[in-house]
Amino acid sequence: MININENYLKLKSSYLFADIARRVEKFQKNNPDREIIKLGIGDVTLPLPLACVRAMHEAVDEMAISDTFKGYGPEQGYAFLRQAIAGSDYQSRGADIDPDEIFISDGAKCDTGNIQEVFHIGIKVAVPDPVYPVYVDTNVMAGRTGSFEKGRYQGLVYLESTKDNGFIPSLPDSPVDLIYLCYPNNPTGATITREELARWVDYARKNKALILFDAAYEAFIRDPELPRTIYEIEGATEVAIEFRSFSKTAGFTGTRCAFTVVPKNCRAYDSQGTEVSVHGLWNRRHSTKFNGVSYPVQKAALAVYSEQGQKQVRANIDYYLTNARIIRERMGKLGFECTGGVNSPYIWINGKKDSWSFFDDLLNKAGIVCTPGDGFGLCGKGYIRISAFNSVENVEKAMERIEKAL
Ligand code: MLT
């Protein structure tokens with residue numbers, strides 16, 4: 001008899017964004033003439049930067065000629081891209097990251113979901129609340145939690161991010177081993193200062209814990225005082241893994257390219273308490289289960305670091321930040337408390353009512369799709385998330401419709 005992994009039965013019936021897509025599809029079916037504006041899932045709308053498109057075309061041409069054709073590439077990624085990332089994203093900011101410590105992949109979602117495989121089943125895991133559901137669900141699948149009761153999985157430590165703590169959780173009051181942090185935050189849009197991040201790094205060093213730092217929205221940071229990588233914090237290479245993505249940075253949600261930094265001195269421990277290199281474990285996992293990102297896509301990602309690429313990427317992000325400002329200002333004028341939307345593409349809005357009712361109101365009355373806050377956890381109750389990923393015209397139109405409807 002073929003038995004299943006029963007941990008899957010503990011999961012809520014579907015992934016948040018699949019749930020929303022189903023509701024929207026149903027609404028559209030029942031209202032075929034209504035035009036819907038999607039400000040829900042954080043999916044980019046601007047096309048790829050021209051520098052990336054050109055580089056991808058050239059790489060495709062190389063694949064058409066036997067002298068330059070490429071078969072399997074290195075599982076960890078081509079050296080040209082790893083070197084560009086190490087130099088531009090880390091060494092230029094004083095973070096001592098070597099190209100060998102960078103693993104190219106097809107998405108931060110996959111990497112943040114897969115990384116937990118290299119850790120013991122019995123570790124104590126801390127997740128933020130509200131939380132990007134992937135961190136939680138992948139630990140449920142692995143069997144690190146009990147059942148889902150009253151909105152939370154038994155056995156996980158939830159780090160509450162609320163208005164009262166400025167959406168930066170306090171350090172856990174019971175010991176934890178693995179800590180997920182995401183800044184600029186999805187879903188709240190909150191950012192973290194160097195001092196606040198240093199508290200977490202100190203905690204991890206003192207408690208032999210490890211931080212999984214999701215920095216997928218790093219490119220949205222415009223405030224020069226904010227850290228752009230956790231490795232700007234002293235000692236962080238010993239206790240932190242960082243996840244980045246070209247998805248939101250350069251419009252790669254459909255093209256797929258991301259990377260994870262696992263420093264060579266980043267440590268975890270075996271059952272005897274002996275230090276083990278996490279880099280070695282992740283390298284083993286990655287080269288066994290992953291066959292690399294395609295050559296044309298890695299060439300396109302490399303173009304992000306060219307002079308033209310940098311200008312074009314910045315212009316795209318500025319465009320979304322303009323949307324974020326419009327949403328934040330207009331929702332604020334309607335009397336809603338808003339967080340995020342500055343140094344972040346997400347605006348976290350206190351709807352002062354049940355999140356799904358607010359979601360339904362916006363959909364039914366205004367034809368706008370948002371993301372209900374309680375889909376991200378108990379602390380999201382009463383909130384919605386509006387994403388800035390759409391055209392300025394659609395964002396203006398969406399705000400006019402919301403103003404009329406509410
Ligand atoms: C979101 O809307 O939270 C993101 O698009 C999800 C993701 O990047 O996987």
Side-chain angles (χ1 to χ4, degrees), residues 11-12 14-24 36-46 48 105-116 127-139 141 161 167 180-191 212-220 242-260 293 301 316-317 320-321 323-324 327 339-341 343-349 355-356 359 362-363 368-377 379-380 383-390 394-395 398:
L11 291 165
K12 285 185 282 169
S14 67
Y15 183 61
L16 172 64
F17 294 105
D19 211 9
I20 293 168
R22 247 194 324 275
R23 284 189 186 223
V24 174
I36 293 176
I37 299 177
K38 292 185 179 164
L39 301 174
I41 192 164
D43 193 5
V44 290
T45 54
L46 290 171
L48 291 176
S105 78
D106 61 354
K109 177 179 179 175
C110 319
D111 287 352
T112 53
N114 291 328
I115 191 82
Q116 48 76 31
V127 293
D129 181 358
V131 60
Y132 178 44
V134 172
Y135 313 155
V136 172
D137 288 0
T138 50
N139 278 288
M141 290 170 180
S161 314
F167 300 96
Y180 290 80
L181 294 179
C182 171
Y183 290 100
N185 187 259
N186 180 12
T188 66
T191 49
L212 299 177
F213 191 70
D214 184 348
Y217 299 93
E218 165 275 339
F220 289 80
E242 181 165 292
F243 303 89
R244 293 266 194 109
S245 170
F246 293 98
S247 283
K248 319 292 157 109
T249 307
F252 274 52
T253 51
T255 305
R256 311 306 308 151
C257 197
F259 60 92
T260 290
V293 172
N316 284 9
I317 290 172
Y320 294 128
L321 283 172
N323 287 347
I327 297 165
T339 311
N343 303 301
S344 158
Y346 295 129
I347 302 92
W348 188 237
I349 298 165
S355 302
W356 281 102
F359 171 91
L362 291 189
L363 184 59
I368 307 302
V369 181
C370 67
T371 309
D374 67 4
F376 297 102
C379 291
Y383 284 83
I384 56 158
R385 189 194 75 177
I386 296 191
S387 138
F389 294 113
N390 211 313
N394 274 347
V395 165

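Start at 1 and go down the list; that is how both ligands and their atoms are numbered. Numbers here are sequence positions counted from 1.
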Within a distance under 4.0 Å of any heavy atom of [X], pick out the atoms of ligand 1 and give their elements.
X    : value
N186 : 1 (C), 3 (O)
Y346 : 1 (C), 2 (O), 3 (O), 4 (C), 5 (O)
G42  : 1 (C), 2 (O), 5 (O)

Is it the side chain (CB and beyond), the backbone, both or neither of F389 that lies under 4.0 Å from ligand 1, heavy atoms counted?
-> neither
Can you find a heavy atom in the side chain of I41 that is under 4.5 Å from one in the side chain of F389?
-> no
Would you confirm whether D214, through its side chain, and A108, through its main-chain N or O, come within 3.5 Å as a donor-acceptor pair?
-> no
Check: S355 side chain, Y383 main-chain N or O, donor-acceptor pair, under 3.5 Å | yes
So, does I41 sit close enough to ligand 1 that a heavy atom of it is under 4.0 Å from the ligand?
-> yes
Distance from atom 8 (O) of ligand 1 to nearest protein heavy atom, with residue and atom | K248 NZ, 2.9 Å
Write out the residue and atom name of the closest protein heavy atom to atom 7 (C) of ligand 1, then the distance separating them to 0.1 Å.
-> Y132 OH, 3.2 Å
So among T188, T339, N186, which one has a side chain to side chain donor-acceptor pair (under 3.5 Å) with R385?
-> N186
Over all atoms of both residues, closest heavy-atom pair of I20 and P372 | CD1-CD, 3.6 Å
Verify the distance criterion only: is there a donor paired with an acceptor across the side chains of N343 and T191 at less than 3.5 Å?
-> no
